[in-house]
Structures are given as structure tokens and as C-alpha cells.
Number of protein chains: 2
Amino acid sequence: MMTNLIAGLRAEGRRLTRSRKAILDVLEKSKYPLSAADVHARLKREQVAVDLVTVYRTLAVLKKLGLIAQVELGEGQFRYETRHGREHHHHIRCRGCGRIADLMLCPLKKLTALVERETRFTVEEHSLEFFGWCPKCR
Amino acid sequence: MMTNLIAGLRAEGRRLTRSRKAILDVLEKSKYPLSAADVHARLKREQVAVDLVTVYRTLAVLKKLGLIAQVELGEGQFRYETRHGREHHHHIRCRGCGRIADLMLCPLKKLTALVERETRFTVEEHSLEFFGWCPKCR
DNA sequence: GTGATACGTGCAAACAAGTTGCAATTGAGA
DNA sequence: TCTCAATTGCAACTTGTTTGCACGTATCAC
Ligand SMILES: [Mn+2]
Ligand SMILES: [Mn+2]
Ligand SMILES: [Zn+2]
Ligand SMILES: [Zn+2]
């Protein structure tokens with residue numbers, strides 16, 4: 001991951017900084033996608049002083065480098081999760097407590113061709129999220 | 001649809017108003033999901049004076065009544081579309097021009113049981129959106 | 001139809017997520 | 001170590017959405 005980060009940054013003439021390492025590290029350690037505010041809060045907890053604006057800017061860079069993925073879960077905010085070492089997958093969010101769990105499967109791998117035929121668009125990406133109730137909230 | 005609206009409203013002790021009819025009507029006529037601002041702009045174009053705040057409040061009511069669905073397409077805003085007379089379906093959005101097209105299929109109908117087994121959540125809903133390039137932008 | 005009343009609306013203000021301008025700081029190559 | 005463009009922090013801003021409150025109006029009982 002750090003290797004990908006360095007390589008990606010250099011390829012665009014960008015620099016490896018303490019903030020960037022720390023932010024990517026926070027995402028690597030999380031079991032679920034984090035919002036910019038989440039990342040910022042965790043950095044603070046770890047005594048890493050990084051401004052929220054830098055978090056936003058860094059998330060944009062990491063996303064452009066393809067190191068993290070942006071996720072939308074109906075909350076009116078974006079979340080981000082690392083792509084390193086994790087296969088393409090999706091999520092489910094509890095409508096009671098907000099808990100987010102990974103769903104390590106994707107029924108769409110084979111469907112791209114069909115979607116392209118139906119819509120006449122070229123498909124580049126997709127998002128698939130589920131909403132429901134976790135065992136505790138049910 | 002107007003029938004559903006009246007019935008739904010009454011069931012909750014709410015009233016049928018000019019604004020609510022007009023907003024639902026705008027959504028019924030649109031071929032793609034609209035943002036609150038979109039709805040507001042179309043009302044203005046039709047000389048229907050409704051405040052943007054009322055649009056937001058009405059969208060919330062219609063959503064609660066199950067008459068409209070909320071859609072997220074990676075834009076940092078919500079869109080809404082009527083459910084009346086339209087089967088459950090999904091969308092694709094062009095990364096060039098922003099055009100949104102319906103995709104009248106859902107590969108997930110049979111998948112709920114599997115998702116519930118995998119995650120131990122109860123599944124209530126899902127969102128599936130595609131991103132790519134339309135013929136003109138490709 | 002009239003009146004009472006609770007629901008709905010407009011306007012201003014507040015919020016919240018995310019972005020931008022700019023001066024000061026710092027990573028990376030020479 | 002020096003140079004300089006990339007990065008950062010801070011303040012201000014933009015955009016999408018929500019809230020408070022006084023006034024307006026749909027609905028219902030009479
Ligand atoms: Mn995940
Ligand atoms: Mn649609
Ligand atoms: Zn997938
Ligand atoms: Zn579906």
C-alpha cells in the first residue's frame with residue numbers, strides 16, 4: 001500500500017507527506033468506510049495534527065490514484081475505504097444503529113455487457129449498497 | 001397516483017395541498033430523478049410559486065409515504081423519482097455530461113436471501129447505480 | 001357555510017459537508 | 001544544503017438541507 005502510494009504520487013509529480021501516510025493508514029485500519037470527519041477524528045485521537053481541509057484534499061488525491069474508493073450510503077456524505085488487499089465488494093447499512101458491514105460478493109461482474117447493451121452507455125463503475133436491520137436492532 | 005397521495009396523506013392526518021400535488025406532478029412527468037433544486041426550478045417555469053423549503057419538506061413527506069424513491073448518484077445531493085407506474089429499477093450516469101438513464105432491470109431480486117445469510121442483517125432495500133460514458137461523450 | 005384548529009407554508013437563519021484563496025511551510029531533486 | 005513547486009493551515013465561502021416561527025389554509029364539526 002505504501003509502495004502504491006509512493007509510486008502513484010511520483011507518477012504525478014506529487015509528494016509523500018506525513019499527512020498522506022497517516023490518512024491512508026487510518027483507512028487501512030478501519031473495518032468499514034469512513035467519512036472525512038471520521039478520518040479527522042481518528043487522526044486527532046492518534047495525536048496526528050492534520051487539518052480537516054487536508055483530509056478532504058488528501059482523500060481526493062488518494063481517490064484519483066485509485067487507492068481508495070468512495071462509498072455513498074444514503075447519509076448525505078461520502079465515505080472512503082482503502083482498496084488495498086480488499087476485493088471489490090459492497091455494503092449493508094443498518095437503519096437502526098447505522099452499523100455498516102461488508103458484503104464480500106458482487107453479482108454484477110458478468111452483467112456489464114448486458115447493461116451496456118441496454119443503455120448504450122459504456123460502463124466504468126457501479127455502486128451497490130443494501131439497507132436493512134442488523135441483528136441487534138431488528 | 002393522486003389517489004395514493006390522498007389516501008397516504010389522510011392515513012397520517014396530513015392534508016392535500018396545491019404544492020404537494022404540483023411537486024408530485026413534476027416528478028411524474030420527469031424521465032429521470034430530480035434534485036430538490038430541479039423540482040423547484042420546474043415549478044417556477046410552470047408559474048407555480050412554491051418555496052424551496054416547501055419542496056424539501058414535501059419530498060420528505062412523499063418519501064415517507066412511499067410515493068417517491070431517493071436516489072444517490074455520486075453528486076453530493078439527493079435526487080427523487082416517482083414510484084408510480086414504474087417498476088423497481090436502477091440508473092446509469094454519464095461522467096461526461098451528467099446524463100442519467102434508466103436501467104429497467106434488477107439482478108438482485110433473487111439475491112436478498114443470500115445477502116441476509118452472508119451478513120445476518122435483514123434486507124429492506126438496496127441501491128444500485130452505474131457510472132460510465134454515454135454515446136455522445138464517449 | 002362558518003368557525004375552530006391543527007397542519008402547511010414562506011422567510012430568515014442556522015447547519016453541515018465540502019471547496020477555495022492565499023500566505024507560510026516543506027518534500028524532493030540538484 | 002539550496003531551490004522551488006507541491007502541500008498545508010486557516011479563514012472565508014459555497015452548496016445542499018434543516019429548523020424556528022408567525023402567518024395562511026385544508027379539514028372537520030356544527
Ligand atoms: Mn467495505
Ligand atoms: Mn429512474
Ligand atoms: Zn460490484
Ligand atoms: Zn434492484
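Every heavy atom of this structure was used, including side-chain atoms; hydrogens, water molecules and symmetry mates were not. We name chains A, B, ... by the order of the sequence lines, and we start the count at 1 in each one.
- Judged by distance alone with a 3.5 Å cut-off, a donor-acceptor contact links the side chain of B:R57 to the base of C:dG10.
- Following rounding to the nearest Å, A:Q77 (CD) and C:dT19 (P) show an atom-to-atom distance of 13 Å.
- Proximity of B:R20 to the phosphate of C:dG8: a side-chain N or O atom is located under 4.0 Å from OP1 or OP2.
- For residues 64-73 of chain A, no residue pair satisfies the salt bridge (charged side-chain N to carboxylate O under 4.0 Å, His left out) rule, not counting sequence neighbours.
- A tilted orientation is assigned to the rings of B:H126 and A:F130, their planes being inclined by 30° to 60°.
- Nucleic acid contact class of B:R79 (heavy atoms, under 4.0 Å, all strands): none.
- Across every non-hydrogen atom of B:G8 and B:L65, the tightest pair is O-CD2, 3.6 Å.
- Proximity note for A:L16 (side chain, C-beta onward) versus C:dA28, C:dT9, C:dG18: the nearest is C:dA28.
- Regarding contacts with the backbone of C:dG18, a side-chain N or O of A:Y56 is found under 4.0 angstrom from either OP1 or OP2.
- With no hydrogens or angles considered, a side-chain donor-acceptor pair links B:S35 and B:D38 at under 3.5 Å.
- Here chain A contacts DNA chain D (any atom closer than 4.0 Å to a heavy atom, that is under 4.0 Å), and the contacts span D:dA5 to D:dA11 from 5' to 3'.
- Counting any heavy atom pair closer than 4.0 Å across all strands shown, A:R14 reaches sugar-phosphate atoms only and no base atom.
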